[in-house]
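Residues: numbered from 1 along the sequence shown.
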Amino acid sequence: MTEKILIVEDDGMIASGLTYALEQEGFETAVAGSCAAFRQIYQPGTFIMAILDITLPDGTGYDLCKLIKGQEDLPILFLTAWDDEVNVVMGLDMGADDYITKPFRIRELISRIKSILRRYGKHGGEENVFRAGNVTVDLKKAKVMKNQKEIVLTAMEYRLLLTLINHRGQVLSRSQLLEGIWDVAGDFVNDNTLTVYIKRLREKLEDDPADPALIKTVRGLGYCLEV
């Protein structure tokens, strides 16, 4: 299926910016500025994700979320003004996957979109399962196995592992890892706690944490997930 994302946003500048950023990432887009326009272009099975503004001229993103979820399990991300943020829980209860407040950083939005799509196993034609040696990660179920036994990771450990998997074979600096975790989690993580999370991941995934074969340290540069 074509990687096409539906954007429902009545602010033309925001919609144009989103369209440009997503197309730079290799996605196709379709834009609707109202609920009525959405109904003209939406067909189940056409899109891999929907980005919905909560406040629209002729309705709300909640209405559209409910309509979509009644027809398919499509990933949904809400765009919301600061004043709407307290009401986002309503959308999450309807089945939306995440939200981001305006104004937002494009890089953060792209990170959130990719994270959601990985959970659904939809992005880039990637396999839903990552394998390296005796470690297997089911990206759709967020399940980590070692030697066919499940390994329990904390939410932050899993986010760090996902960041490494998404850039496997590449050397990531500590600042890049911190930024990746921050974008996805929205939580505060400093350089010291990053060291702790790397250590914990190695203890859980490596055969010999003191001589890691999976999560390599590249001296003076950062870390690399070997595949």
Might you point out which heavy atoms bring Leu52 and Cys65 nearest each other, and give the distance in Å?
CD1-N, 3.8 Å
For Lys204, look at atom NZ and say whether over 12 heavy atoms of other residues, nucleotides or ligands are found less than 6.0 Å away.
yes
Should Ile68 and Phe38 be marked as a side-chain contact (heavy atoms from CB on, under 4.5 Å) after you check the CA-CA gap, both sets of side-chain angles, and the distance that decides it?
CA-CA 11 Å; Ile68 291 170; Phe38 163 86; 3.7 Å; yes
By salt bridge (charged side-chain N to carboxylate O under 4.0 Å, His left out), Glu206 pairs with (sequence neighbours left out) none
Could you pull out all residues at least two apart from Lys69 that satisfy salt bridge (charged side-chain N to carboxylate O under 4.0 Å, His left out)?
Asp73
Of all heavy-atom pairs between Gln71 and Pro44, which one has the smallest distance, and what is that distance?
OE1-CG, 3.2 Å
Taking every heavy atom of Thr46 against every heavy atom of Lys4, the minimum-distance pair comes out as O-CB, 4.1 Å
Would you call Asp207-Lys146 a salt bridge at under 4.0 Å N-O?
yes
Quick check: are there more than 12 heavy atoms from other residues, nucleotides or ligands sitting under 6.0 Å from OH of Tyr20?
no
Can you see whether Arg174 engages Tyr223 through a side-chain donor-acceptor pair at a distance of less than 3.5 angstrom?
yes
Name of the residue among Leu225, Leu164, Asp138 meeting side-chain contact (heavy atoms from CB on, under 4.5 Å) with Phe130:
Leu225
Which word best sums up how the rings of Phe47 and Tyr42 line up, parallel for under 30°, tilted for 30 to 60°, or perpendicular for over 60°?
parallel
Heavy atoms only: give me the nearest Asp10-Thr55 pair and the separation to one decimal.
OD1-O, 3.9 Å
